[in-house]
2 protein chains.
Amino acid sequence: MEGSVQEHPYVPRDLKLPGFVPCLLSQSNIVGVYGISSLLVVSLIWLLSGLTHMILEGYFAFSPEFYKDKTGFYLAEVWKEYSKGDSRYAARDAGVVAVEGLTAVLEGPACLLAVYAIAMGKSYSYILQFAISLGQLYGTAVYFITSYLEGDNFAASSYYYYAYYVGANASWVVIPTLISIRCWKKICAAVQVQVQGQKKTKVR
Amino acid sequence: MEGSVQEHPYVPRDLKLPGFVPCLLSQSNIVGVYGISSLLVVSLIWLLSGLTHMILEGYFAFSPEFYKDKTGFYLAEVWKEYSKGDSRYAARDAGVVAVEGLTAVLEGPACLLAVYAIAMGKSYSYILQFAISLGQLYGTAVYFITSYLEGDNFAASSYYYYAYYVGANASWVVIPTLISIRCWKKICAAVQVQVQGQKKTKVR
């Protein structure tokens, strides 16, 4: 085990790795950095999703004349483009503005708080995620039901209807549903444990 | 302590109660019946509040022509009268119909389930009450915001504006807020206990 053949820790033992250089950093160092980086990336995605609400939907909620923009300002362009799937955005439909306003003003900041709560393991983490998810689901329900009641004729073509109106909003049904089911289960389990604990204490 | 003077269990001991007749039923009997009756009354109120959503708001959501009713049908009369405070009900505003539809179809049955869950001490009791309360709050927010965006000019007079539009809806802000704060605290406490329990188990 000298010269060109360097010992390695892998299995099978007879695997030949000429010129192998062992880990220079410790295991805890490597795994720790990896874990923290992963957490940062996930947090960043969460943070961005919260900021998405605040910036993208906040701009829409408080810019009634976005469709008159001539500067090519990106946020105005986004909503001009999305209005091809649902012209109620350009028409300033009250239901749409109310839902997007609530999303921007309440749920955006709540998402940022949720990132913090999850990272710090706060006890209100699950109930906050549940509240945000339910808000998203309720808002999406109002969004689709009002469109249905008003005739469901707001898309420039069936392409835009399915790509923007249905497709882009599907994630606002699927993801909050999954999160709220998860939180519901976690919270029920915690309450169950506490109730059983109290019963035991009383019996003693 | 004989003849006309009957001993009684009350304080002060020298209190005179001529002709006093002691309890004929046992303490557990009296307190038990009282407790069950109270529970029934409270449950009945809850049940009625759930049925209110399903019957009153369900009728509105699925009866677009209620204001043409000539028979004096009570549910039609209710919405004809309420429309004096908010004519969007008679005008079939999509936002109002969407919110009332969700309330009747989802929250009404959820209220009935909550009565059952509270009575049986189910572990999902708090999270269900929280979900219903949040739905009520979101719906009420959409209700008021859409009215504001559409000009807030739907009441027949300022009397109907404050009595019906503001007053009758105030309870849909106050009560769900109180319930959701209570549930939030209960759930956080339960999660906290569970997290601490897990930490202790790990340390062992």
Side-chain angles (χ1 to χ4, degrees), chain A residues 61 64 88 92-103 105-107 110 117 121-128 130-152 180-181 183-199, chain B residues 61 64 88 92-103 105-107 110 117 121-128 130-152 180-181 183-199:
Chain A
R88 296 183 299 163
R92 211 79 199 147
D93 177 276
V96 166
V97 177
V99 168
E100 292 290 24
L102 284 169
T103 304
V105 173
L106 294 183
E107 304 201 11
K122 294 285 180 189
S123 59
Y124 62 82
S125 159
Y126 292 125
I127 186 80
L128 179 60
F130 184 75
I132 296 168
S133 299
L134 233 60
Q136 280 289 347
L137 287 172
Y138 198 106
T140 310
V142 169
Y143 178 71
F144 283 123
I145 293 171
T146 49
S147 171
Y148 170 78
L149 291 170
E150 288 167 345
D152 197 15
S180 52
I181 290 171
C183 292
W184 178 287
K185 286 180 182 168
K186 291 271 185 189
I187 286 168
C188 286
V191 171
Q192 187 76 43
V193 167
Q194 198 189 27
V195 169
Q196 284 171 347
Q198 284 171 346
K199 277 180 190 162
Chain B
R88 297 183 299 164
R92 212 80 199 143
D93 177 275
V96 166
V97 177
V99 167
E100 293 290 26
L102 285 168
T103 304
V105 173
L106 294 182
E107 304 200 12
K122 293 286 181 188
S123 59
Y124 62 83
S125 159
Y126 293 126
I127 185 79
L128 178 59
F130 183 75
I132 296 168
S133 299
L134 234 59
Q136 280 289 347
L137 287 172
Y138 197 107
T140 310
V142 169
Y143 178 69
F144 283 123
I145 294 172
T146 49
S147 171
Y148 170 78
L149 291 170
E150 288 167 347
D152 196 16
S180 51
I181 290 171
C183 292
W184 177 287
K185 285 179 181 168
K186 291 271 184 189
I187 287 168
C188 285
V191 171
Q192 187 77 42
V193 167
Q194 198 190 29
V195 169
Q196 284 171 347
Q198 283 171 348
K199 277 181 189 161

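All chains are named by letter (A, B, ...) in the order of the sequence lines, taking the proteins before the strands, and each is independently numbered beginning at 1. Treat the numbers as computed from the prediction; the structure is a model and nothing was measured.
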Problem set entry | Which of Asp93(A), Leu102(A), Ile145(A), Leu106(A) touches chain B most, by non-hydrogen pairs under 4.5 Å | Leu102(A)

Problem set entry | Value rounded to 0.5 Å, distance of CD1 in Ile132(B) from CG in Leu134(A) | 10.5 Å

Problem set entry | Closest-packed option against chain B by number of heavy-atom pairs under 4.5 Å, given Cys188(A), Ala98(A), Gly95(A) | Cys188(A)

Exercise. With a 4.5 angstrom heavy-atom cut-off, which part of Ile127(A) approaches chain B: side chain, backbone, both or neither?
Worked result: both

Problem set entry | Partners meeting ring-ring contact (aromatic ring centres under 6.0 Å, His included) with Phe130(A) (sequence neighbours left out) | none

Exercise. Looking at Phe144(A), Trp184(A), Tyr124(A), which makes the most heavy-atom pairs under 4.5 Å with chain B?
Worked result: Trp184(A)

Exercise. Taking atom NZ of Lys185(A) and atom CD of Gln192(A), what is their separation to the nearest 0.5 Å?
Worked result: 15.0 Å

Exercise. For the candidates Glu150(A), Lys122(A), Lys186(A), Gln194(A), which exhibits the highest count of non-hydrogen atom pairs separated by less than 4.5 Å from chain B?
Worked result: Gln194(A)

Problem set entry | Choice from Gly121(B), Ser123(B), Ser147(B), Ala94(B) maximising heavy atom contacts with chain A below 4.5 Å | Ser123(B)

Exercise. Is there a donor-acceptor pair closer than 3.5 Å between any side-chain N or O of Thr140(A) and the backbone N or O of Gln136(A)?
Worked result: yes

For this session: Could you tell me whether the side chain of Arg88(B) and the main chain of Tyr143(B) form a donor-acceptor pair under 3.5 Å?
Result: yes

For this session: Would you mind telling me which of Leu128(A), Leu137(A), Val142(A) has the largest number of heavy-atom pairs within less than 4.5 Å of chain B?
Result: Leu128(A)

Seminar exercise, completed: The interface call for Val193(A) against chain B, heavy-atom contacts under 4.5 Å, is side chain

For this session: Check whether more than 12 heavy atoms from other residues, nucleotides or ligands sit under 6.0 Å from atom OH of Tyr138(A), and answer yes or no.
Result: yes

